[in-house]
Number of protein chains: 2
Amino acid sequence: MMDTTTLSALAEPNRLHIVELLREGPLTVGVIADRLRLRQPQASKHLRVLLEAGIVELQAVANRRIYKLRPEPFKELDDWLDSYRRGWNERFDDLDSYLSELQQE
Amino acid sequence: MMDTTTLSALAEPNRLHIVELLREGPLTVGVIADRLRLRQPQASKHLRVLLEAGIVELQAVANRRIYKLRPEPFKELDDWLDSYRRGWNERFDDLDSYLSELQQE
DNA sequence: AAAGAATATTCCTGTCAAGGAATACTCTTT
DNA sequence: AAAGAGTATTCCTTGACAGGAATATTCTTT
C-alpha cells in the first residue's frame with residue numbers, strides 16, 4: 001500500500017511548492033525561502049518534514065544546506081498509480097455486475 | 001501545479017484504504033464500513049471528503065449509495081509525476097553546477 | 001401507517017500541525 | 001575575538017480535522 005507520509009508531506013501547499021521548485025535543481029534554504037516568500041524558519045521546518053519523509057536530502061556546504069529531491073518517493077507514487085492505470089481505461093466501474101450482485105440478496 | 005485537495009484527501013489512512021478497496025469495483029457504504037472496520041458515520045464522512053475532492057462519485061440505488069472511483073484525479077497525479085520522471089533518471093541533482101554558481105557570489 | 005434498513009449530519013472533544021517570534025547554533029569574515 | 005551570515009530549534013497560539021455518540025433523513029417492507 002502507498003505510504004501516507006509521502007502524501008501528507010506533499011499535501012501542504014508550501015511544501016508542494018518547495019518540491020516543484022527543487023524540480024529544477026538543488027537549492028539553498030535561503031533561496032527557497034526567498035523564492036516562495038516564506039520566512040526562513042518556516043522554510044526550514046517544511047524542509048525538515050520533507051526530509052523525514054525522504055522526499056528530499058541535504059548536503060551541507062560550509063554554512064549552507066543544499067536541499068535536493070530524492071527520486072524514490074516519486075517512484076513509489078508512480079508504482080502505486082500503476083495499479084490504477086489499468087482500471088481507469090476500462091472504467092473503474094463494473095457497475096452493472098455489482099448491481100446484479102445486490103439483487104441476489 | 002498539482003492540486004493539494006487530491007493529495008490531502010488521500011493522505012488520510014482510512015481514506016486511502018477506501019480508495020484501494022474501490023479499486024476493485026464500486027461498493028456500498030455499509031460494505032466499505034464493514035470491510036475496513038469503520039463505523040458507518042465515519043465511513044460516510046470520509047466518503048464525503050473523497051466526493052468533494054472528486055476522487056469518488058456516487059450513484060443512488062434505492063436506499064443505498066454506491067461509490068466508485070473517478071479516474072480524473074489519478075490522471076492528474078500521473079501527469080504531475082510526468083514532470084519528475086525526466087529528472088529522476090538523470091538524477092535530480094545537478095549539484096556540481098549549483099556549487100559553481102555559489103562560488104561566483 | 002409503522003417498523004426497520006441504509007446512509008447522512010450534527011455536536012462535542014481531543015489531537016495535531018502550521019505560522020509567528022525569539023533564540024540557539026555553526027561557520028565565515030574581518 | 002568579534003561580528004555577521006545562514007540555518008535550525010523552541011515556545012506559544014490558533015485553526016483544522018478525526019473519532020464518538022446521538023440523531024436526522026430517506027427508502028423499503030410488512
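Just so you know, these numbers use all the heavy atoms, side chains as well, and skip hydrogens, waters and symmetry mates. Residue numbers start from 1 in every chain, and the chains themselves are labelled A, B, ... in the order their sequence lines are given, proteins ahead of strands.
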> Would a 4.5 Å heavy-atom cut-off, applied to side chains only, mark V56(A) and L69(A) as touching?
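Result yes, sub-4.5 Å side-chain heavy-atom pair found.
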
> So how far is it from L47(B) CG to Q40(B) CD, rounded to the nearest 0.5 Å?
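Rounded to the nearest 0.5 Å, the CG-CD separation comes out at 10.0 Å.
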
> What nucleotide, of dA6(C), dT28(D), dT7(D), holds the atom closest to the side chain of A62(B)?
dT28(D)

> Would you call T28(B) and V61(B) a side-chain contact if the rule is heavy atoms closer than 4.5 Å?
no

> Could you tell me the separation between the CG atom of L50(B) and the P atom of dA8(C), rounded to a whole number of Å?
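So the CG-P distance, L50(B) to dA8(C), works out to 12 Å.
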
> Within this structure, what is the CZ-to-P distance between R65(A) and dT7(D), rounded to whole angstrom?
8 Å

> Nearest whole angstrom, please: distance from the P of dT7(C) to the CD1 of I18(B).
13 Å

> Does a side-chain N or O of Y67(A) approach OP1 or OP2 of dA8(D) to a distance below 4.0 Å, or not?
yes

> Are R48(B) and dT9(C) close enough that a side-chain N or O sits under 4.0 Å from OP1 or OP2?
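Indeed, a polar side-chain atom of R48(B) lies that close.
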
> What is the distance, rounded to the nearest whole Å, between atom NE2 of H17(B) and atom C1' of dA18(D)?
16 Å

> Working note: I32(A) + L22(A), criterion side chain to side chain contact (heavy atoms under 4.5 Å, CB included); need CA distance, chi angles, decisive distance, verdict.
CA-CA 9 Å; I32(A) 294 172; L22(A) 289 180; 4.1 Å; yes

> Taking the six-membered ring of F74(A), is NZ or CZ of R85(B) closer than 6.0 Å to its centre and within 45° of its axis?
no

> Measure CG/L47(B) against P/dA6(C) and give the value in whole Å, please.
16 Å

> Determine, for nucleotides 14-25 of chain C in 5'-to-3' order, which nucleotides have protein heavy atoms under 4.0 Å from the base (write B), from only the sugar-phosphate (write S), or from neither (write -).
----SBBBB---

> For the pair made of CD1 in I66(A) and P in dA8(D), what is the distance, rounded to whole Å?
12 Å

> For the pair made of CG in L36(B) and P in dA18(D), what is the distance, rounded to whole Å?
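Going from L36(B) (CG) to dA18(D) (P), I get 15 Å.
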
> N63(B) has an atom CG; how far is it from atom C1' of dA6(C), in whole Å?
5 Å

> State plainly whether one hydrophobic cluster holds both V49(A) and Y67(A), where clusters connect Ile, Leu, Val, Met, Phe, Trp and Tyr through side-chain heavy atoms under 4.5 angstrom apart.
no

